[in-house]
**Q** 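I have a structure here, written as structure tokens, and I will follow up with some questions on it.
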Amino acid sequence: MTAVDAALIPVVGLEIHAQLLTRSKMFCSCSADYSGALPNTHCCPICTGMPGSLPVINARALELGVLTALALNCEVPEWSKFDRKNYSYPDLPKGYQISQYDDPIGRNGHIDFRSGDQLMRWGISRVHLEEDTGKTLHIDEHGREASLVDYNRSGVPLMEIVTTPEEVSPAEARDFFESLRQVLMYLGVSDGNLQEGSLRADVNVSLRPRDGSLGTKVEVKNLNSFRALERALEYEISRQGDLLRAGATIEQETRGWSERDERTLSQRSKEYAHDYRYFPEPDLPPLHIRRELLSRLSDQLPELPAARLARFEQEYGVAPEVARVLTQERALASYFEEAVQRGSDLAPPTLANWLRNDVLRILGEKGQTIEDIPVRPGDLAGLVGLVQGGTISASAGKQVLEEMFRTGEDAESIVARLDLAQVADQNALEALVDHVLTSQPGLVETYRRGKTNVLQAIVGQVMKASKGKANPAVVRGIVQSRLDTG
Ligand code: ZN
Ligand code: MN
């Protein structure tokens, strides 16, 4: 970095839109699940904006929005309202979007998250509810161009989360967005699907001279992956830096991210709030958020990923990297805790490693998630107990786990059925060792001539003779004492 670079500080803000996981749309009873549906089959006069139709607020969408606001440490006012945001797009049949302008359901919150080893806090300036638009499809058939519109998505409940502008790096912004997505998924309010656009992020970025005030911000839209978010920020910071150093000014505009070209491209000059001619939605009454609802939702708040991660480290002694993986999904974290409770005599870090390394590997190979797992948490604890107690070897344990995935049986039944229990019986093992030593006098000879590393080969022979069921540590002890005394 040049000295000039160091004097320009990036300031980043995010606007996140998340489709809420409700059954029906925001203001009508049409199904909100439009995936796979034929175009324009989930529509009614309300979500297609027919004159005279009246919206009704979806109570579940309000609950999910308020739950999110609480989880993000926002103030939730007792009174809120909806407003009309006017703009005309073909996929917005009413000519306006019902949104919230100056009385959102949440404001002044924050979220604590980790970036590398650092614990960071990012401010949430607001959380509000609105509705999604339809989808336009531009086609070109036999040289005839046409635009088609599908209103199935029109009116699907949407929650918008706006952060405060913060002086952060692109990597920190990415870590923040990953954490926020995780929170939304823990809450069960969003499916977090960036590829399909049910969760989408726009970023605002400007450069501030070290001794100056905020620069002009540029918005970048259509970031449908964490990587795109980080790369788009890196690109914009360097583009704006070049312009400023050349003495040019930054235009306030909206740019798009081109995945193919790895660059941002100008789309349109940015609208200002007054362009939208916001006014209170006359078809909806003011929104009263009852305090009883707040306390009921507060009681429903789950432990959030950052808190759970810290607890896994402190309470169970799980390594930070493993704890991070285990808390990525709420169901996985709960699975781990249930296994810990079922296997109370087991070391939690050992269970954590089995889950993180072996269980997740098998799930990955099968293309499954923890929700699909046929192995009950208690049965995983049972398996780890058998390995830890020496009943089966670690490698037999992995074989048993595969079998548990296949049949859903518990570990003990599989060990019995496949006859995998280690032979730890001293007499039986001594007999095996003696058999190997008498049948391989050459090995003993070599050992006595001082090549003591042949010991490992002898142990290997005994393990082979036991068909892998001998306890290697016990075998080693017997071989050693036979060679030294014999
Ligand atoms: Zn409808
Ligand atoms: Mn919005």
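Ligands are counted one by one from 1 in listed order, and the atoms in each one are counted from 1 as well. No hydrogens, no waters, no symmetry mates; every other heavy atom, side chains included, goes into these values.
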**Q** Return yes if a side-chain donor-acceptor contact under 3.5 Å exists between S206 and N204, otherwise no.
**A**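 No, no side-chain donor-acceptor contact under 3.5 Å.
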
**Q** Within 2.8 Å of the Mn ion (ligand 2), is there any N, O or S atom belonging to H128?
**A**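 No - counting backbone and side chain alike, H128 has no N, O or S atom under 2.8 Å.
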
**Q** To make sure I understand the geometry: which N, O or S atom in E160 is closest to the Mn ion (ligand 2)?
**A**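 Of all N, O or S atoms belonging to E160, OE1 is the one nearest the Mn ion (ligand 2).
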
**Q** Do Q97 and Y276 have side-chain N/O donor and acceptor atoms under 3.5 Å apart?
**A** no

**Q** What is the name of the N/O/S atom in E130 that sits closest to the Mn ion (ligand 2)?
**A**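 E130's closest N, O or S atom to the Mn ion (ligand 2) is named OE2.
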
**Q** Test side-chain contact (heavy atoms from CB on, under 4.5 Å) on L8 and R245; report intermediate values, then the result.
**A** CA-CA 10 Å; L8 291 172; R245 278 191 299 277; 4.1 Å; yes

**Q** Between the side chains of R107 and E75, is the shortest nitrogen-to-carboxylate-oxygen separation below 4.0 Å, so that they form an ion pair?
**A** no

**Q** Between the Zn ion (ligand 1) and C43, is there an N, O or S atom separated by less than 2.8 Å?
**A**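 Within the cut-off used here (under 2.8 Å), C43 places no N, O or S atom near the Zn ion (ligand 1).
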
**Q** How wide is the angle at the Zn ion (ligand 1) between SG in C44 and SG in C47, to the nearest 10°?
**A**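 Once rounded, the angle between the two atoms at the Zn ion (ligand 1) is 110°.
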
**Q** With the Zn ion (ligand 1) at the center, what angle do SG from C30 and SG from C28 span, rounded to 10 degrees?
**A** 110°

**Q** Could you tell me whether K25 and E131 make a salt bridge, using a distance below 4.0 angstrom between a side-chain N and a carboxylate O?
**A**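 Salt bridge between K25 and E131, a charged N being under 4.0 Å from a carboxylate O: no.
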
